[in-house]
Amino acid sequence: MINITKFLYIPLILYFFPAFVFFIGEKSYFPFLIIIVPIAMVLLSLHNKQNLFKEFCFLYKNTQMKYFVYLYCWLLLSSFISFLCGYYSFYRFLLYVIIGFTFRGVLLYLFPQFVIPKFVPLKNIIKLFVIAYLFIFLWGIFEFIGAYFQIDIINSCISFLSNIREEEKSLILESLSGLPRIRSVSMEPGTFGLFIAVNLPIIYSLCLSKTRVLNNTIMNFVTKKSLIILAWICLIMTQSPIYLIICSLLTIVIFFNRMLCFLKKHYKSFLLLFVILTCVIFLVVNTVDLSKSYISRILNFVSELSTFDIERIIFADPSMGTRIVNNMNQICLFLKHPVLGIGFGNNGPMLISQLAHSPIPLTSEMQKALNSADNSIAITSNAMYYLLFQTGLIGFALYCLFMTKCIKYLNKVKKYFYGIEFLFVDGLRKSLMCMFLISILYNQNFVDQYVFFLTSISCAIVVIAKLRIKKLNESERQLVDEKSQ
């Protein structure tokens with residue numbers, strides 16, 4: 001019989017590439033991963049005669065998956081009640097909840113935890129992460145070189161492999177500084193910045209240890225020495241100020257104790273470095289036209305905050321103003337439907353209706369979208385507002401419960417792992433904490449395939465720990481029986 005274990009790596013690799021999609025019309029797209037995962041699960045079930053329902057029951061009883069099931073059931077129930085109340089069309093209920101979230105959410109969440117514990121060793125998953133990081137960061141730098149030097153061959157390869165549509169090519173060159181913004185394999189530069197911020201704790205854990213990550217000595221040395229540098233270069237090239245600040249704060253938090261020890265031992269070197277950096281910043285500020293840089297956006301917005309004038313604050317920065325208007329109108333919708341929300345996936349029509357009668361002034365970007373033929377508007381918000389006004393207080397509470405349980409379970413079972421596995425589990429725990437805080441405070445990434453990938457891997461790690469505990473208990477029992485005989 002054919003061993004399909006190697007085939008299972010294909011969908012696992014695709015989790016890292018959200019831009020690999022089929023486009024449906026001008027706005028909608030269908031992730032290629034959604035086609036591969038059901039095929040892989042069917043092949044896995046048929047080839048290994050695996051009862052997926054029994055696997056599901058085991059995962060439900062022994063892992064944090066039960067909290068994801070609670071969340072999914074609430075999405076179904078609250079959206080169905082919203083449909084009965086007339087807030088939600090049956091078409092949107094069928095498309096976004098029954099079909100959309102089931103395939104894009106549930107299947108993508110279940111697949112890694114069905115596959116990893118029994119068919120894909122955890123050490124191979126760690127290697128997969130490291131190689132994927134290396135490829136994605138190098139691809140981002142490759143993209144920058146092609147866009148900056150206008151190399152047609154490179155740009156053609158990037159457009160084809162990164163799945164960029166004609167109307168999206170301008171996004172790469174869209175930058176106030178005049179330099180191209182990179183997105184690598186993500187849908188846009190901001191999403192790539194989010195990817196780097198979420199994965200930075202895992203990269204730190206793996207690269208700053210003495211434990212070998214890859215089998216090849218040279219590749220292991222080069223990768224561990226270069227991965228952190230490549231991550232920060234790509235982060236700067238995204239030209240996303242908020243993720244640069246997030247990653248800087250994250251680095252300070254992770255290495256706070258080490259920094260204190262360093263400052264005590266090398267305070268003279270630190271003072272010298274501080275003086276040099278201050279001089280460099282002073283020179284840059286005096287030579288660069290601030291009106292064309294991201295610094296001006298931050299300074300303008302901060303200066304307008306002191307006025308406490310909502311209209312001036314909104315128009316101080318178009319991107320941040322759009323977020324503020326969106327969030328305030330989403331709060332209005334939540335206050336109208338605090339328990340059930342308006343239905344999952346019903347954000348577009350309801351928000352457009354709310355914005356049309358909004359007492360809060362709209363940005364030019366939002367006004368243009370409302371006046372367009374298809375009334376399409378970008379829903380820029382974080383997971384807190386996104387879930388509150390779509391699923392109500394209960395849906396938001398279940399999401400928080402699910403994420404905190406993922407973190408808690410990892411913290412509980414990490415003692416059963418050693419070496420590189422322990423470092424990965426600890427890094428994943430920190431990454432989930434980072435992802436949870438970013439989703440609550442800044443960015444909406446609740447329905448992103450990489451979120452389901454990381455949370456599912458956390459569940460798979462719990463299963464691996466349970467299997468190891470079971471094996472350890474059986475060995476101890478066998479040893480006791482041998483002594484008693």
Side-chain angles (χ1 to χ4, degrees), residues 16 18 126 129-130 132-134 136-137 140 181-184 186 188-209 213 223-263 270 273-274 277 281 294-295 298 302 319-320 323 382-384 399-400 403-404 406-408 410-411 414 420 422-446 448 450-451 453-455 457-458 461:
F16 290 94
I126 297 169
F129 267 79
V130 172
Y133 291 152
L134 193 63
I136 290 167
F137 297 150
R181 298 183 68 191
I182 65 168
R183 70 171 202 169
S184 188
S186 300
E188 50 97 17
T191 310
F192 187 37
L194 173 63
F195 174 85
I196 296 170
V198 166
N199 288 280
L200 209 53
I202 298 176
I203 294 170
Y204 282 152
S205 292
L206 297 178
C207 292
L208 295 177
S209 68
V213 179
T223 302
K224 290 185 72 174
K225 295 296 180 184
S226 63
L227 205 54
I228 295 174
I229 298 169
L230 290 173
W232 276 94
I233 290 172
C234 287
L235 181 65
I236 293 167
M237 287 179 177
T238 62
Q239 298 184 50
S240 180
I242 188 66
Y243 289 115
L244 191 60
I245 293 168
I246 288 171
C247 288
S248 300
L249 292 174
L250 182 64
T251 303
I252 291 170
V253 169
I254 291 174
F255 298 110
F256 184 73
N257 290 332
R258 293 187 187 183
M259 286 179 178
L260 284 179
C261 294
F262 176 81
L263 289 176
F270 176 76
L273 181 64
F274 179 77
L277 285 174
I281 292 169
Y294 280 91
I295 300 172
I298 298 170
V302 171
S319 176
M320 192 61 71
R323 288 182 180 277
N382 54 40
M384 179 170 69
Y399 169 72
C400 293
M403 291 301 298
T404 51
C406 287
I407 297 164
K408 184 179 178 182
L410 281 180
N411 192 48
K414 69 178 182 179
I420 196 68
F422 175 84
L423 294 169
F424 177 74
V425 172
D426 190 52
L428 179 61
R429 179 180 64 87
K430 293 173 183 175
S431 286
L432 287 175
M433 290 172 65
C434 177
M435 183 173 70
F436 179 50
L437 289 173
I438 292 173
S439 70
I440 293 297
L441 299 175
Y442 179 67
N443 202 352
Q444 167 225 318
N445 61 357
F446 171 64
D448 187 81
Y450 197 68
V451 176
F453 185 47
L454 291 185
T455 52
I457 286 179
S458 73
I461 286 170

So, do S205 and F422 sit near enough that their side-chain heavy atoms are less than 4.5 Å apart?
no

What are the two closest non-hydrogen atoms of R183 and P189, and how far apart are they?
CB-N, 3.6 Å

Rounded to the nearest 0.5 Å, the CD1 atom of I242 sits from the CD1 atom of I246 at a distance of 4.5 Å

Compare all side-chain heavy atoms of V130 with those of F424 and state whether any distance is below 4.5 angstrom.
no

In Å and rounded to the nearest 0.5 Å, what is the CG to CE distance from L437 to M403?
9.0 Å

Verdict with reasoning, F436 to T404, per side chain to side chain contact (heavy atoms under 4.5 Å, CB included)
CA-CA 8 Å; F436 179 50; T404 51; 4.1 Å; yes

Please determine whether the number of non-hydrogen atoms from other residues, nucleotides or ligands lying under 6.0 Å from atom CE of M433 exceeds 12.
no

Please say which of L423, I126, L410 ends up in a side-chain contact (heavy atoms from CB on, under 4.5 Å) with L428.
L410

Check: S226 and F137 side chains under 4.5 Å, non-hydrogen atoms
no

Could you go through residues 190-203 and list every donor-acceptor pair under 3.5 Å that involves a side-chain atom there, pairing it with any protein atom two or more places apart or in another chain?
residue	atom	partner	partner atom	Å
T191	OG1	E188	OE2	2.9
N199	OD1	Y133	OH	2.5
N199	OD1	Y450	OH	2.5
N199	ND2	F195	O	2.7
N199	ND2	Y450	OH	3.4

Would you give the length of the straight line joining atom CG of L249 to atom CD1 of I254, rounded to the nearest 0.5 angstrom?
11.0 Å

Rounded to the nearest 0.5 Å, the OG atom of S186 sits from the CD1 atom of I136 at a distance of 7.0 Å

Once side chain to side chain donor-acceptor pair (under 3.5 Å) is applied, what residue pairs with a partner in residues 423-437 remain, sequence neighbours excluded?
K414-D426, D426-R429, D426-K430

Trace of the side chain to side chain contact (heavy atoms under 4.5 Å, CB included) decision for T223 with V213
CA-CA 9 Å; T223 302; V213 179; over 6 Å; no

To the closest 0.5 Å, what do you measure between CG (L250) and CD1 (I438)?
7.5 Å

Which residues pass the side-chain hydrogen bond (donor to acceptor under 3.5 Å, both in side chains) test with T251, not counting sequence neighbours?
Y204

Just verifying a value: how many Å separate I457 CD1 and C406 SG, rounded to the nearest 0.5 Å?
11.5 Å

Contacts of type salt bridge (Lys or Arg N to Asp or Glu O under 4.0 Å), residue K224, not counting sequence neighbours:
none

